[in-house]
Number of protein chains: 2
Amino acid sequence: MGHAATSGTRFNGTNMSLKHAILTLLETEQGSGYDLLKRFKERLGFFWNASHQQIYLQLKKMHSEGLIEFETQTQQGKPDRKVYHITKPGHDALMQWIETPIKISKVNDGLLVKLYAGHLVDISVIQKEIAEHKDMHTRMLNTFLEFEKDFKALNSEQKKQFSLPYLTLRRGILGEHAWLQWAQEVEEYFK
Amino acid sequence: MGHAATSGTRFNGTNMSLKHAILTLLETEQGSGYDLLKRFKERLGFFWNASHQQIYLQLKKMHSEGLIEFETQTQQGKPDRKVYHITKPGHDALMQWIETPIKISKVNDGLLVKLYAGHLVDISVIQKEIAEHKDMHTRMLNTFLEFEKDFKALNSEQKKQFSLPYLTLRRGILGEHAWLQWAQEVEEYFK
DNA sequence: AATTTATATGCAATAAGTTGCATAATTAGT
DNA sequence: ACTAATTATGCAACTTATTGCATATAAATT
């Protein structure tokens with residue numbers, strides 16, 4: 001007994017923030033808050049999640065800090081679009097962040113707290129919830145596998161171009177596989 | 001193209017909070033803030049992380065809400081211990097939480113943002129950081145495997161008693177395995 | 001014709017988590 | 001004797017994230 005799971009250097013380094021994820025997206029291509037929201041969902045969904053409120057608020061803050069600028073596009077009928085682009089200070093801040101060690105990402109999983117406390121209730125309550133989560137994870141895995149199929153259909157030059165995003169996609173795929181494998185172990189334990 | 005990773009029912013249900021993790025721990029056994037900190041590290045470390053500041057603050061809040069009570073143990077020399085125990089309202093709140101659907105846990109991994117943005121810097125910067133994270137994950141996996149060894153050495157009655165915590169441990173083990181497998185893929189890609 | 005979904009943006013209040021500081025005694029190691 | 005680690009608690013300031021509300025148009029569906 002007595003080996004602590006969280007020990008030593010586990011939480012060192014600079015904190016990650018939404019800010020740098022946004023800078024990364026704007027570095028490649030300018031866009032509005034709504035554009036960024038879509039990019040988060042479509043391109044970073046397997047390793048970063050952000051709500052529209054969070055994004056709009058962060059953009060406002062980053063603008064006040066001079067990391068980004070915007071041009072207002074008055075559209076026919078539709079609400080105005082603020083198209084943000086990264087500035088030199090924004091680019092520098094991103095570069096500096098990339099070179100600074102980052103913390104290991106924190107895990108806080110409520111479902112496992114429930115499982116841990118499962119003796120307090122009829123275990124079917126927990127089983128049911130795990131089954132629901134399993135559905136969600138299965139859907140996510142399938143989405144990720146679709147992305148992978150798209151990637152594999154590319155020619156070798158395009159593959160090279162998208163290799164880094166692809167590696168992040170692999171993280172999503174392997175992570176979901178592991179989750180589902182675990183869920184199966186749990187199911188087998190309970191049956 | 002166009003399959004969104006985050007879609008539909010991904011973020012529904014009640015939010016998990018530190019509160020219920022603490023209630024879960026106090027449900028089994030009373031303890032001080034420091035005791036709880038240790039229990040988080042030793043027993044929930046693979047699925048929940050909390051700092052001492054967070055725990056003390058949360059305990060104060062939960063006490064003001066009537067979910068927990070404490071008795072002050074004046075010790076010889078050492079600072080006073082506030083030994084908290086769960087109350088009836090606290091137990092009820094925990095039970096209600098367990099039966100309420102929980103959100104899928106959010107993933108926000110800064111390391112993957114860096115990898116995604118890896119084209120902006122010399123890739124060795126990213127490789128080096130991934131290698132460091134790999135060390136941390138390896139250490140964590142080894143810690144988890146020690147726990148598993150302890151569990152497997154138990155007799156069948158004890159095994160039954162600790163089966164739910166063991167299943168949460170399995171999540172940690174499978175998760176770390178998946179992480180390391182991914183890191184290997186990344187390394188192989190870059191070599 | 002009516003409803004829903006998507007586009008497009010934002011504020012306010014609250015909750016949750018981090019960082020840095022502060023105190024104070026005991027125990028273990030050098 | 002000195003130093004470091006462990007035990008034990010907490011405040012204050014700040015950052016980050018969530019929840020709920022609010023507005024308004026266009027396009028697609030029923």
Side-chain angles (χ1 to χ4, degrees), chain A residues 2 4 6-8 10-22 31-42 48-65 70-84 102-108 110, chain B residues 2 4 7-8 10-22 31-42 48-65 70 72-84 102-108 110:
Chain A
T6 24
S7 65
R10 193 161 170 200
F11 293 114
N12 294 327
T14 303
N15 207 2
M16 171 59 198
S17 66
L18 179 59
K19 187 190 280 183
H20 302 101
I22 291 175
S32 68
Y34 199 79
D35 291 335
L36 289 169
L37 178 67
K38 278 189 291 180
R39 285 185 218 167
F40 269 100
K41 282 183 185 165
E42 287 163 19
W48 201 274
N49 297 292
S51 65
H52 82 269
Q53 292 94 334
Q54 238 185 308
I55 290 168
Y56 285 118
L57 203 67
Q58 193 60 49
L59 285 169
K60 199 183 172 183
K61 207 176 161 192
M62 289 163 74
H63 180 254
S64 80
E65 290 167 349
F70 67 86
E71 281 134 41
T72 310
Q73 286 184 357
T74 325
Q75 297 184 122
Q76 63 285 29
K78 283 185 194 172
D80 286 358
R81 271 165 59 89
K82 284 185 192 170
V83 180
Y84 289 92
I102 200 166
K103 278 189 221 174
I104 197 164
S105 70
K106 204 174 75 169
V107 178
N108 280 22
Chain B
S7 64
R10 192 158 172 203
F11 295 112
N12 295 328
T14 302
N15 206 2
M16 168 60 195
S17 66
L18 179 59
K19 188 190 279 183
H20 302 101
I22 291 174
S32 67
Y34 199 80
D35 290 337
L36 289 168
L37 178 67
K38 278 188 293 182
R39 285 185 220 166
F40 269 100
K41 282 182 183 166
E42 287 163 19
W48 201 274
N49 297 292
S51 64
H52 82 268
Q53 291 94 334
Q54 234 186 311
I55 291 167
Y56 285 120
L57 203 69
Q58 194 59 50
L59 285 169
K60 198 181 172 181
K61 206 175 161 193
M62 289 163 73
H63 180 254
S64 80
E65 290 167 350
F70 67 87
T72 309
Q73 286 184 357
T74 324
Q75 297 184 120
Q76 62 287 26
K78 282 184 194 171
D80 286 359
R81 272 166 59 90
K82 285 185 189 169
V83 181
Y84 290 92
I102 199 165
K103 278 188 216 174
I104 196 163
S105 70
K106 202 174 76 169
V107 178
N108 280 22

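Bear in mind that the values here come from a model prediction, so they are computed numbers and not experimental data.
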Taking OP1 and OP2 of D/dT16, is either one under 4.0 Å from a side-chain nitrogen or oxygen of A/Lys19?
->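 Negative; the distance criterion is not met.
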Would you say B/Lys61 reaches C/dA16's phosphate, i.e. side-chain N/O to OP1/OP2 under 4.0 Å?
->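 Answer yes for this pair, as a side-chain N or O of B/Lys61 is under 4.0 Å from OP1 or OP2.
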Nearest whole Å is fine: how far is [N] [atom2] from [X] [atom1]?
X: A/Met62; N: D/dT15; atom1: CE; atom2: P; value: 15 Å
X: A/Glu71; N: C/dT9; atom1: CD; atom2: P; value: 14 Å
X: B/His20; N: C/dA16; atom1: NE2; atom2: C1'; value: 14 Å
X: B/Leu37; N: D/dT9; atom1: CG; atom2: C1'; value: 11 Å
X: A/Leu36; N: C/dG10; atom1: CG; atom2: C1'; value: 15 Å
X: A/His63; N: C/dT9; atom1: NE2; atom2: P; value: 14 Å
X: B/Leu59; N: D/dT9; atom1: CG; atom2: C1'; value: 11 Å
X: B/Gln58; N: C/dG17; atom1: CD; atom2: P; value: 8 Å

Of all residues at least two apart in sequence or in a different chain, which pass the side chain to side chain contact (heavy atoms under 4.5 Å, CB included) check with B/Lys60?
->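 In terms of side chain to side chain contact (heavy atoms under 4.5 Å, CB included), with neighbours along the sequence ignored, B/Lys60 is linked to no residue.
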Among [options], which nucleotide sits nearest the side chain of [X]?
X: B/Tyr84; options: D/dA17, D/dG10, C/dA8; result: D/dG10
X: A/Lys38; options: C/dT18, C/dT9, C/dT7; result: C/dT7
X: A/Lys106; options: C/dG17, C/dA16, C/dT7; result: C/dG17
X: A/Asn108; options: C/dT9, D/dA17, C/dG17; result: C/dG17
X: B/Tyr34; options: C/dA15, C/dC11, D/dT7; result: D/dT7
X: B/Lys103; options: D/dA17, D/dT18, D/dT16; result: D/dT18

Are the side chain of B/Asn49 and the backbone of A/Asn108 linked by a donor-acceptor contact shorter than 3.5 Å?
->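 No, because the side chain of B/Asn49 does not come within donor-acceptor range (under 3.5 Å) of the backbone of A/Asn108.
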Where does DNA chain D pair, written as one dot-bracket string 5' to 3', with Watson-Crick or G-U pairs under 3.5 Å, ( ) inside the strand, [ ] for crossing pairs and | for another strand?
-> ||||||||||||||||||||||||||||||
Measure from the ring center of A/Tyr34 to the ring center of A/His52 and say whether it is less than 6.0 Å.
->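 They do not qualify: ring centres at least 6.0 Å apart.
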Looking at side-chain heavy atoms only, is the closest gap between [X] and [Y] below 4.5 Å?
X: A/Ile22; Y: A/Gln58; answer: yes
X: B/Leu36; Y: B/Leu59; answer: yes
X: B/Leu18; Y: B/Phe40; answer: yes
X: B/Lys82; Y: B/Ser32; answer: no

List the steps, then state whether salt bridge (Lys or Arg N to Asp or Glu O under 4.0 Å) holds for A/Glu65 with A/Lys19.
-> CA-CA 11 Å; A/Glu65 290 167 349; A/Lys19 187 190 280 183; 3.4 Å; yes
Which residues within residues 50-57 of chain B lie with some heavy atom under 4.0 Å of an atom in DNA chain D?
->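 Correct list: B/His52, B/Gln53, B/Tyr56.
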Please lay out, stage by stage, how B/Tyr84 and B/Asp35 fare under the test side-chain contact (heavy atoms from CB on, under 4.5 Å).
-> CA-CA 10 Å; B/Tyr84 290 92; B/Asp35 290 337; over 6 Å; no
Which heavy-atom pair separates A/Ala50 from A/Gln54 by the least distance, and what is that distance?
->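 Residues A/Ala50 and A/Gln54, closest heavy atoms: CA-OE1, 3.7 Å.
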